[in-house]
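Residue numbering restarts at 1 for every chain, and letters A, B, ... go by the order of the sequence lines.
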Amino acid sequence: MTEKYIPAEIEPKWQAKWEADGLYHADIDPSRPKYYALTMLPYPSGDLHIGHWYAMTPSDARARYLRMKGYNVMFPIGFDAFGLPAENAAISRNIHPKDWTYANIDRMRGQLRSMGAMWDWRREAASCDPEYYHWTEWYFIQLFKHGLAYRAPGSVDFCPNCNTTLAREQVWGEDRHCERCGTPVIKKDLDQWFFRTTDYAEELRDFTGIDWPDRVVAMQTNWVGRSEGASVVFHTEQGDPMEIFTTRPDTLWGATFMVLAPEHPLVDRVTTAEYRQEVETYKQEAARQDEIQRSATDKEKTGVFTGGFAINPVNQARIPIWIADYVMMGYGTGAIMAVPAHDERDFEFARKYNLEIIPVIQPEGEQFHGDTMTEAYIGPGVMINSAHFDGTEVSDAKGWANPGIKAVNDWLEEKGIGKADVSYKLRDWLISRQRYWGSPIPMVHCEECGWHPVPEDQLPVLLPDDVEWLPTGESPLKLHPTWKNTTCPECGGPAERETDTMDTFMCSSWYHLRYLSPHYDQGLFDPEEYDYWMPVDTYTGGVEHATMHLIYTRFFHKAGRDMGILEGNEPMTQLRNQGQILGPDGQRMSKSRGNVIDPDKQVQQYGADAVRTYLMFGYRWSDGGPWNTENIQGVVRWLHRIWSIFSDEAKKGEPDPAVLKSLRRKVHQTLQQVSKDFETFEFNTIISGLMELLNEMNTVKDAGVAGTPEWAEARDYYLRMLAPVAPHIAEEMWTEKLGKPYSVHTQPWPEVDEGATQVEEITLIVQVNGKLRDRITVPADVSEEVAKQTALASEAAQRFIGDKELRKVVYVPGRLVNIVV
RNA sequence: GCGGGUGUGGCGGAAUUGGUAGACGCGCCAGACUCAAAAUCUGGUGGCCGCAAGGCCGUGGGGGUUCAAGUCCCUCCACCCGCACCA
């Protein structure tokens with residue numbers, strides 16, 4: 001009898017030993033190829049989620065595989081530790097955000113260790129440590145010095161009752177009220193810090209040289225949102241220039257009015273006394289709504305006339321200027337020329353307010369008339385009513401590839417009215433947060449000298465610990481009696497610190513660099529470490545970061561490259577997204593639904609190896625799916641069977657050589673398949689392959705294989721292949737049952753013996769007219785002629801051929817013979 | 001509306017990229033062990049017809065290309081995700 005498989009007895013034991021032995025330390029070693037494997041770092045919310053396991057343990061398995069393949073693999077971990085939940089805890093439970101955060105980190109470290117992952121804990125970094133945010137601040141200063149950080153008004157959600165700014169998640173409901181007091185939220189303009197992400201708009205659309213999922217590429221490309229067209233300068237009647245962007249310069253002659261965003265700076269100047277009252281009312285209403293409400297497509301368009309007029313520079317037409325909230329200040333210039341004949345929105349607006357419609361593009365066989373058009377025409381045609389451009393062809397190509405657009409652009413430039421131009425949806429990154437628990441913005445304001453960075457030798461600007469959480473809702477940094485008082489680095493006079501802190505996405509934009517040398521105090525990272533490890537070879541995490549973190553970190557890197565701090569164009573070479581584990585009911589896990597799967601409990605019940613392998617086996621990793629409390633039994637049984645086969649000795653005897661040969665074939669075929677699947681992140685078939693091999697081993701076990709080299713090889717290779725996915729049981733079997741030298745995790749990955757995977761006899765499918773009719777066994781190196789003859793001779797085939805005429809015999813080597821009659 | 005994706009047994013999912021559809025596992029059925037149950041082990045398990053041999057049907061629907069289609073093309077449907085009055 002053998003002792004039983006009790007994961008709780010072996011898992012903590014090995015975890016402690018691996019840790020004590022520094023088995024997973026990753027150090028620079030120029031003699032080996034490096035591999036930087038990274039999973040997105042967790043936020044220390046307090047408890048590890050099964051989703052963390054799903055993201056991290058397959059990545060760990062792959063990192064372990066690559067290590068056995070001979071790579072020097074770094075697989076680090078840390079915490080994205082600044083952020084709002086800590087402040088909410090502070091307010092609701094009267095605990096300091098720092099204490100809350102560090103307590104959570106402690107707890108989560110323990111939970112993370114139970115995964116048995118190969119993290120090098122020496123490289124752990126937490127973004128709220130002063131030795132970390134020192135360099136977040138330093139990087140801000142570099143961006144500022146290079147003109148990539150600037151201060152400008154930006155709008156925030158503001159609760160007039162609590163007298164505080166609110167984060168997006170603190171604004172609730174359709175009516176957008178304050179989370180705390182229920183008061184409707186208003187928009188407020190504050191001076192805030194921005195990074196010039198738009199400088200990198202074009203480059204952020206370029207994914208050459210990196211292997212990222214199509215989905216993420218599409219989302220980022222869409223987010224950056226390039227449109228080709230022209231910018232054209234109109235003038236108000238008073239002579240103020242009013243620049244607009246249009247994707248359809250070919251329709252300039254059909255512009256019959258202009259629309260400004262309600263917030264546009266020229267609105268006050270163009271509005272006449274007669275219309276002022278109406279315009280003011282409209283502006284105030286628009287300010288109350290946020291962009292999401294304003295941009296509801298199905299909403300009926302509204303707007304008011306300003307009383308002002310503009311001159312269309314192409315034909316000197318005098319056209320009215322309106323304001324309407326369907327024009328956004330945040331895109332283009334916040335002003336548009338309206339061409340109702342050829343734009344659906346402008347058409348709807350013109351019909352509603354009875355504005356003129358002049359068609360300027362006409363397809364063949366049509367006679368458009370402004371009064372009778374029932375909808376805007378957006379297709380191809382020829383230009384009409386457009387002076388000397390009449391007859392110019394306009395295709396349905398977008399942008400500059402369209403001959404009509406190209407022709408007009410050239411002419412605009414020649415006349416000095418406008419120029420070909422590109423517009424992006426991407427906006428600059430607003431990084432100011434009116435919060436306490438974030439990295440301070442190391443800037444000082446002096447009445448005399450303006451804004452200056454804190455001198456670098458005075459970094460980091462530390463967050464004060466002695467803060468109070470007063471119910472004003474104001475940031476404690478602002479309320480702190482002395483913290484903000486400082487001296488001007490320029491003139492030495494009294495000055496004030498910036499009391500806003502940075503968006504936590506700034507901290508997480510560079511954590512992969514801090515892992516290189518988390519305690520380095522001369523810069524972001526130790527250059528030696530950087531040169532060896534960067535870039536990140538594989539980055540894994542959820543797709544929900546596609547348009548936030550994953551854009552910010554690329555921006556951070558590209559800006560760093562241009563400032564001479566970083567090298568290369570991209571921080572992460574390969575990106576892969578895992579899916580999401582849902583509750584057993586197929587819904588997102590949430591405490592209120594009561595469908596949360598607690599990984600600690602699963603580990604207690606089944607062991608870490610079982611949870612790891614179930615997560616790999618039960619789903620396509622990229623898809624995820626509902627947790628299934630029954631399916632996990634499959635891997636639990638499998639692990640028990642592994643325990644048994646390595647515990648019970650096989651029978652000795654004189655086995656059939658064919659049995660040994662086929663065992664060896666199966667071992668090497670499995671090795672081949674498993675290796676490939678690790679490369680391609682197909683974890684589910686890694687496990688199923690290992691299950692198949694175990695089944696095979698179980699069937700030959702009693703055939704007298706004990707003592708044969710084939711059986712020894714099978715057992716040895718099995719554990720090496722198992723080691724990445726189920727590291728604890730593999731180690732236990734390797735050292736305790738096989739008595740091999742510790743550790744299985746430092747063994748090389750076995751080489752496939754191509755010869756062993758070959759077969760002497762193959763089964764060919766015999767088809768008649770594409771339908772499976774028979775199977776024939778032939779030598780693997782069978783000639784085409786013999787294969788065809790054997791197939792034709794098959795009794796089943798003959799029956800279906802009958803006396804029909806043979807038309808063709810298709811032979812696919814190693815696969816089939818298809819007889820067409 | 002635009003962009004991306006998914007659709008295969010009762011369930012999770014395989015399928016060498018155009019070549020045996022349903023690997024592996026869950027569940028279920030039968031058998032062994034047991035006084036019994038659990039656990040474990042052995043066998044079976046897409047649907048329909050048939051005692052059987054065997055046959056027919058089958059990868060969301062319809063059409064097509066091909067000796068051959070889950071895989072390629074056209075078209076329609078359903079669901080999921082992202083963006084959305086972007087000028």
Phosphate contact (B:rC57 OP1 or OP2) by A:Lys771 side-chain N/O below 4.0 Å: yes
Nearest listed nucleotide, side chain of A:Arg799, among B:rG3, B:rU20, B:rG55: B:rG55
Complementary nucleotide for B:rA14 - Watson-Crick or wobble, under 3.5 Å: none
P gap between B:rA53 and B:rG44, integer Å: 15 Å
Spacing of CE belonging to A:Met40 relative to CD belonging to A:Gln578, to within rounding of 0.5 Å: 7.5 Å
Positive for side chain to side chain donor-acceptor pair (under 3.5 Å) with A:Arg576, one of A:Asp211, A:Thr540, A:Thr680: A:Asp211
Spacing of the P atoms in B:rU71 and B:rA15 (rounded, Å): 15 Å
Assigned partner base of B:rG3, Watson-Crick or wobble definition, under 3.5 Å: B:rC81
P atoms of B:rC86 and B:rC79, separation to the nearest Å: 25 Å
Closest to side chain of A:Asn695, choosing from B:rG55, B:rC24, B:rG27: B:rC24
Phosphate OP1/OP2 of B:rA87: any A:Tyr331 side-chain N/O under 4.0 Å: yes
Touch class at under 4.0 angstrom, heavy-atom based, for A:Arg620 against every strand present: sugar-phosphate
For B:rG54, the Watson-Crick or wobble counterpart (both distances under 3.5 Å): B:rC49
Who pairs with B:rC41 - Watson-Crick or G-U, where each distance is under 3.5 Å: B:rG31
Separation of B:rU16 P from A:Asp677 CG (nearest whole Å): 11 Å
Nearest-neighbour nucleotide for the A:Ala218 side chain, B:rC26, B:rG25, B:rG4 considered: B:rG4
Sugar-phosphate, base or nothing in reach of A:Phe800, heavy atoms under 4.0 Å: sugar-phosphate
Heavy-atom closest pair, residues A:Ala650 and A:Lys701: CB-O, 3.5 Å
Selection from B:rC86, B:rC26, B:rA68 that lies nearest to any side-chain heavy atom of A:Asn818: B:rA68
Whether A:His342 and A:Tyr377 hold their rings parallel, tilted or perpendicular, with breakpoints at 30° and 60°: perpendicular
N-glycosidic conformation, B:rU17 - syn within 90 degrees of 0, else anti: syn
B:rA68 phosphate, OP1 or OP2, under 4.0 Å from A:Arg815 side-chain N/O: no
Base paired to B:rU59 (Watson-Crick or G-U; both N/O distances under 3.5 angstrom): none
B:rG54 phosphate, OP1 or OP2, under 4.0 Å from A:Arg773 side-chain N/O: no
Interatomic distance, A:Arg345 CZ vs B:rA84 C1' [rounded to whole Å]: 11 Å
Candidate nucleotides B:rG19, B:rA21, B:rG54, ranked by approach to the side chain of A:Val812 - the nearest: B:rG19
Distance between C1' atoms of B:rA52 and B:rG61 (Å, rounded): 37 Å
Sugar-phosphate only, base, or nothing, as touched by A:Glu344 at under 4.0 Å among non-hydrogen atoms: nothing
Among B:rG13, B:rG19, B:rG55, the one nearest A:Asn684 by side-chain distance: B:rG13
Geometric class of the A:Phe349/A:Tyr326 ring pair [parallel <30°, tilted 30-60°, perpendicular >60°]: tilted
Pairwise distance CD1(A:Ile632) to OG1(A:Thr613) - rounded to 0.5 angstrom: 7.5 Å
5' priority, RNA chain B, between A:Gly634 and A:Asp214 [closest heavy atom]: A:Asp214
Sugar-phosphate only, base, or nothing, as touched by A:Gly624 at under 4.0 Å among non-hydrogen atoms: sugar-phosphate
Aromatic plane relationship, A:Phe678 with A:Phe683 - under 30° parallel, 30 to 60° tilted, over 60° perpendicular: perpendicular
Evaluation steps, side chain to side chain contact (heavy atoms under 4.5 Å, CB included), between A:Gln673 and A:Thr685: CA-CA 8 Å; A:Gln673 179 226 319; A:Thr685 47; 3.8 Å; yes
Inter-nucleotide C1' distance (B:rG19, B:rC74), Å rounded: 24 Å
Chi class for B:rG9: syn within 90° of 0, otherwise anti: syn
Base partner of B:rC72, which must satisfy Watson-Crick or wobble distances under 3.5 Å: B:rG64
Side chain of A:Phe617 - closest among B:rG19, B:rA21, B:rC24: B:rC24
Per A:Thr247 side chain, nearest of listed nucleotides B:rA15, B:rG13, B:rA87: B:rA87
Nearest-Å distance for atom pair CD1/C1', residues A:Ile244 and B:rC86: 14 Å
Separation of the C1' atoms in B:rG70 and B:rA14, to the nearest angstrom: 12 Å
Nearest-Å distance for atom pair CZ/P, residues A:Phe683 and B:rG25: 21 Å
No-H, no-angle donor-acceptor pair, A:Asn222 side chain to B:rC83 base, under 3.5 Å: no
Atom pair distance, as rounded to whole Å: NE2 in A:His640 and C1' in B:rA39: 10 Å
A:Ser227 side chain near B:rA87 phosphate (N/O to OP1/OP2, under 4.0 Å): yes
Side-chain N or O of A:Arg226 closer than 4.0 Å to phosphate OP1/OP2 of B:rG3: no
Separation of atom CZ in A:Arg215 from atom P in B:rC81, rounded to whole Å: 11 Å
For atom CG of A:Leu426 and atom P of B:rC83, their distance in whole Å: 14 Å
Nearest-angstrom distance, C1' atom, B:rA23 to B:rG13: 10 Å
Partner of A:Tyr614 under side chain to side chain donor-acceptor pair (under 3.5 Å), chosen from A:Trp638, A:Tyr619, A:Trp53: A:Tyr619
Which nucleotide in B:rG19, B:rG7, B:rA87 has an atom nearest any side-chain atom of A:Val810: B:rG19
Nucleotide nearest A:Asn631 (side chain, heavy atoms from C-beta), chosen from B:rG25, B:rC86, B:rC67: B:rG25
Sugar-phosphate, base or nothing in reach of A:Trp638, heavy atoms under 4.0 Å: nothing
Residue whose nearest RNA chain B nucleotide is more 5′ - A:Arg807 or A:Arg637: A:Arg637
Donor-acceptor side-chain pairing of A:Thr302 and A:Tyr282 below 3.5 angstrom: yes
Inter-nucleotide P distance (B:rG64, B:rG25), Å rounded: 40 Å
d(CG, A:Leu690; P, B:rA14) in whole Å: 16 Å
